Amino acid sequence: MSYQEKSIAVSLVSHLLIGVYYLANLFQMQQAGGLVSTRIFSLWAVVIVAIIVVNIVSNILTHILSNIIHAIKTGREEEERYIEDERDHLIGLKGDKVSHIAFSIGVLIAMLTFAFGQPPLVMFSLLILSSILAEIIGDLSQLYLYRKGF
Amino acid sequence: MDKYKVRNNVRKLRFNHDEMTQEQLAEKAGVTRQTIIAIEGGKYAPSLELAFKIALAFDVPLPDVFSYEPEGDEK
């Protein structure tokens, strides 16, 4: 598994955990009597900040862990050779494209719920959910392309 | 119009160059070993610049490494 694949796998797991956390909180709120604006705003803030922080931290962690594993395997302290070549860039772009399409569909569904009479809080909750799902789908498509070759 | 595909002789050229490893070729061309594997397997068609770099690594002209042929034709 290349460094890029490891990094995407870590990002995928983080996004899945954030998604589960978000959904669990949403269902909890729904069962406690519906969406409350003050609680849901803080939940959105936590989720959005978590996505940004997790993306940065997961990259750093993958780099450090890969170097440690490389040092253990080879018995030398030199850093592993990390190159991002044209294929990596193309896979990244394709992943972004898939992610944008998924997010656009999510936005459309969120707008439709609003158009059919659901409160704005539901629409915005779906927007946040679709952004998390879009990240997950983007990660999965990149992993698929790496496994397939291109 | 017939469908065309980029074919390559990377495996054969590596063999002819003292069984050069994929890692060695990757280092010479400035890419990852995974990219060399994808090119060799015909799954990824490299950019013109990378194609030239690979040809330079083998010290042969570009048409000796890559060719553009109809999809059905197998050598």
Side-chain angles (χ1 to χ4, degrees), chain A residues 1-13 55 58-99 137-150, chain B residues 3-15 17 19-63 65-75:
Chain A
M1 202 183 233
S2 68
Y3 169 72
Q4 278 80 10
E5 282 176 87
K6 282 178 206 157
S7 179
I8 294 164
V10 172
S11 158
L12 175 65
V13 171
N55 276 334
S58 68
N59 262 327
I60 297 168
L61 268 181
T62 315
H63 191 82
I64 294 168
L65 287 175
S66 292
N67 272 328
I68 292 171
I69 292 166
H70 180 73
I72 293 168
K73 266 187 191 170
T74 58
R76 285 176 287 170
E77 274 187 27
E78 67 182 34
E79 280 201 9
E80 200 179 344
R81 199 172 72 102
Y82 296 124
I83 295 176
E84 222 185 14
D85 59 25
E86 56 177 50
R87 186 172 142 269
D88 296 317
H89 290 144
L90 281 175
I91 289 176
L93 285 173
K94 281 197 176 188
D96 285 347
K97 192 180 167 187
V98 171
S99 190
I137 293 168
D139 289 341
L140 283 173
S141 67
Q142 285 189 58
L143 274 182
Y144 171 73
L145 286 171
Y146 271 114
R147 290 282 97 194
K148 207 180 83 171
F150 186 65
Chain B
K3 272 194 174 180
Y4 279 68
K5 199 182 173 193
V6 177
R7 296 193 188 281
N8 69 83
N9 298 315
V10 174
R11 177 71 195 95
K12 201 167 85 184
L13 285 162
R14 281 199 304 112
F15 180 77
H17 283 73
E19 198 60 69
M20 182 194 283
T21 64
Q22 289 170 333
E23 188 67 49
Q24 286 168 333
L25 177 59
E27 258 185 65
K28 281 187 175 185
V31 292
T32 59
R33 192 173 72 88
Q34 282 74 21
T35 298
I36 297 296
I37 294 168
I39 292 170
E40 231 180 80
K43 287 174 181 159
Y44 175 64
S47 69
L48 197 56
E49 190 185 358
L50 178 54
F52 273 114
K53 279 181 183 172
I54 292 170
L56 270 178
F58 290 124
D59 202 20
V60 294
L62 188 62
V65 190
F66 295 100
S67 56
Y68 195 51
E69 295 165 17
E71 237 175 44
D73 288 4
E74 292 291 337
K75 276 189 180 174

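On a predicted model such as this, the values are computed, not experimentally measured, just so you know. We name chains A, B, ... by the order of the sequence lines, and we start the count at 1 in each one.
At most 12 non-hydrogen atoms from other residues, nucleotides or ligands lie less than 6.0 angstrom from CZ of B:Phe52. Within a 6.0 Å radius of NZ in B:Lys28, other residues, nucleotides and ligands contribute 12 heavy atoms or fewer. Within 6.0 Å of atom CD in B:Glu49, 12 or fewer heavy atoms from other residues, nucleotides or ligands are found, so the atom counts as exposed in its surroundings.
Across all non-hydrogen atoms, the minimal contact from A:Gly149 to B:Ala38 is O-CB, 3.6 Å.
How far CD of B:Glu27 is from CD1 of A:Ile83: 7.5 Å, rounded to the nearest 0.5 Å. Here the straight-line distance linking atom OG1 of B:Thr35 with atom CD1 of A:Ile91 works out to 7.5 Å at 0.5 Å rounding. The structure places OG1 of B:Thr32 at 7.0 Å from CD of A:Gln4, a figure rounded to the nearest 0.5 Å.
When the side-chain hydrogen bond (donor to acceptor under 3.5 Å, both in side chains) test is applied to A:Asn59, the partners found at least two apart in sequence or on another chain are A:Ser7.
Contacts with chain A (heavy atom to heavy atom, under 4.5 Å) involve these residues of residues 39-47 of chain B, listed by number: B:Lys43, B:Tyr44, B:Pro46, B:Ser47.
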